Amino acid sequence: MKIYNTPNTSSAITGFILLGFPCPREGQILLFVLFSAVYLLTLVGNGSIICAVRWDQRLHTPMYILLANFSFLEIWYVTSTVPNMLANFLSDNKLISFSGCFLQFYFFFSLGSTECFFLAIMAFDRYLAICWPLHYPTLMTRHLCTNLVISCWVLGFLWFLIPIIIISQMSFCGSRIINHFLCDPGPLLALTCTRVPVIELTSSTLSSLLLFIPFLFIMVSYALVLQAVLKVPSAAGRRKAFSTCGSHLTVVSLFYGSVMVMYVSPTSEHDAGMQKIVTLFYSVVTPLINPVIYSLRNKDMKHAMKKLLGT
């Protein structure tokens, strides 16, 4: 990576400057306390689901194994941004090293990619359970479930690898100020000395494929689920089927709704403030509320959580 300073840029700067959420010192401390609480609650909520699935034998089924892996993913997803954000609140120079910036870039997008794939296989699991209930135990075996989980992690961490490596080798000019709380490709590409349309097109294409292929897969899966549920003769059976899928559909709506606003609609329509708010929602808020969604709408999970807490 080559860095060129403009005349008004201090040569002492050895990385990028993440502006985060500019406000007076008192405001920074308040934000530090707020996001520390959010981070702690996210760790506790998702960690509780992992422990509940681990220690309750009734939850040793593919649906809950996938949920435990998803909660593990959420812990690392929020960890890729919040700790650095917290340090930034207390920092005077808001500096992040070049290696730190691109490591955050890689892990944030790799974990986000993995989340897209996990949401898709969780929808696939619900499709098999509801549309093929008698064959479900033989179709969704422990072996298949393990292979699906491994595939999600591997695909997620390979999806953006090459573009990130190429961007990290580019030359950067100007102030190196990123008006964001994380290293996002848009602001980073804006700081390169020369525009490389091929890289921008590649990143945009990969993002679109990552969003739309799993999303279409989820929509098709639930369309088939809906078709099967409507054929169930009893109202109680239909309610049970809908409650099984309701939590996952809520999580999908929250995640994809905010991500698509950010990456599908034209970037020029969003100012820096809106980009931060939308990114904050899908990267910090959704990992916080997902455990609540899955616990409140699932009797088995509620029972396991009460057992875990000793109540």
Side-chain angles (χ1 to χ4, degrees), residues 42 45-46 49-50 53 59 61-81 107-131 136 139-140 144-160 206-226 241-264 278-298 301:
T42 302
N46 286 283
I49 286 182
I50 295 171
V53 174
L59 301 185
T61 62
M63 176 176 134
Y64 293 108
I65 291 171
L66 291 175
L67 178 57
N69 276 273
F70 186 73
S71 294
F72 179 74
L73 166 65
E74 292 286 66
I75 288 174
W76 287 107
Y77 190 42
V78 75
T79 300
S80 69
T81 58
F107 280 103
F108 179 72
F109 275 85
S110 296
L111 291 164
S113 303
T114 306
E115 181 155 346
C116 290
F117 294 127
F118 257 106
L119 290 173
I121 66 168
M122 290 168 80
F124 176 65
D125 174 70
R126 292 301 81 209
Y127 159 73
L128 291 180
I130 293 174
C131 296
Y136 178 72
L139 292 173
M140 183 56 79
L144 176 60
C145 184
T146 302
N147 286 339
L148 289 173
V149 168
I150 293 172
S151 298
C152 285
W153 285 100
V154 172
L155 277 174
F157 275 77
L158 291 178
W159 195 263
F160 281 105
L206 287 174
S207 296
S208 298
L209 290 173
L210 175 68
L211 290 174
F212 282 109
I213 292 177
F215 184 71
L216 288 174
F217 185 86
I218 292 169
M219 291 299 99
V220 170
S221 296
Y222 277 112
L224 294 173
V225 166
L226 179 62
F242 279 127
S243 66
T244 304
C245 302
S247 301
H248 185 250
L249 274 174
T250 303
V251 172
V252 167
S253 301
L254 290 172
F255 180 77
Y256 272 98
S258 54
V259 170
M260 286 184 174
V261 166
M262 189 71 248
Y263 292 102
V264 176
V278 175
T279 305
L280 194 67
F281 185 81
Y282 71 78
S283 66
V284 178
V285 177
T286 55
L288 171 66
I289 62 179
N290 284 349
V292 179
I293 294 171
Y294 280 114
S295 299
L296 289 179
R297 300 184 64 113
N298 188 296
M301 182 56 68

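The structure displayed is predicted, hence computed values, not measured ones. Values below: every heavy atom of this structure, side chains too, minus hydrogens, waters and symmetry copies. Residue numbers run from 1 in the order of the sequence given.
Side-chain contact check for Phe281 versus Leu254: some heavy-atom pair is nearer than 4.5 Å. Side-chain contact between His248 and Ile293 is absent, with no heavy atoms from C-beta onward closer than 4.5 Å. With a 4.5 Å cut-off on side-chain heavy atoms, Leu111 and Phe157 count as touching. A 4.5 Å side-chain heavy-atom check between Leu148 and Met140 finds at least one atom pair inside the cut-off. Looking only at side-chain heavy atoms (C-beta outward), Cys116 and Tyr256 come within less than 4.5 Å of each other. Within the 4.5 Å cutoff, the side chain of Thr42 has no heavy atoms near those of the Glu74 side chain. Within the 4.5 Å cutoff, the side chain of Ile65 has heavy atoms near those of the Asn69 side chain.
Residues Met301 and Ile49 share a closest heavy-atom pair of CE-CG2, 4.2 Å. When all heavy atoms are compared, the tightest approach of Asn46 to Pro287 is ND2-O, 3.0 Å. Annotation for Ala123 and Ser221: closest pair O-CB, 4.0 Å, computed over non-hydrogen atoms. Here the shortest heavy-atom pairing between Gly246 and Thr250 reads O-OG1, 2.8 Å. Of all non-hydrogen atoms in Ser258 and Val278, the two that sit nearest each other are O-CG1, 3.1 Å. Contact record, Ile121 with Cys152: CD1-SG, 3.5 Å, taken as the closest heavy-atom pair.
For Phe217, there are no ring-ring contact (aromatic ring centres under 6.0 Å, His included) partners at least two apart in sequence or on another chain. Tyr136 is linked by a side chain to side chain donor-acceptor pair (under 3.5 Å) to Asp125, counting only residues two or more places apart in sequence or in another chain.
A ring pair (Phe, Tyr, Trp, His ring centres under 6.0 Å) with Phe117 holds for exactly one of Phe70, Trp159, Trp153, Phe215; it is Trp159.
Atoms OG and CD1, from Ser253 and Ile218 in turn, are 9.5 Å apart once rounded to the nearest 0.5 Å. Note that OH of Tyr222 and CD1 of Ile130 are 7.5 Å apart. Values are rounded to the nearest 0.5 Å. Put simply, CZ on Phe118 and CG on Leu67 are 10.5 Å apart, with the number rounded to the nearest 0.5 Å. Once rounded to the nearest 0.5 Å, the distance linking CD1 of Ile150 with SG of Cys145 reads 10.0 Å. The CZ atom of Phe255 sits 6.5 Å away from atom CG of Leu119, with the distance rounded to the nearest 0.5 Å. How far CG of Leu288 is from OG1 of Thr286: 9.0 Å, rounded to the nearest 0.5 Å.
Using modelled atom types, no side-chain atom of Asn290 and backbone atom of Val251 make a donor-acceptor pair closer than 3.5 Å.
If you look at Phe108 and Tyr77, their ring centroids are closer than 6.0 Å.
Listed by first and then second residue, the side chain to side chain donor-acceptor pair (under 3.5 Å) pairs involving residues 107-117 amount to none (not counting sequence neighbours).
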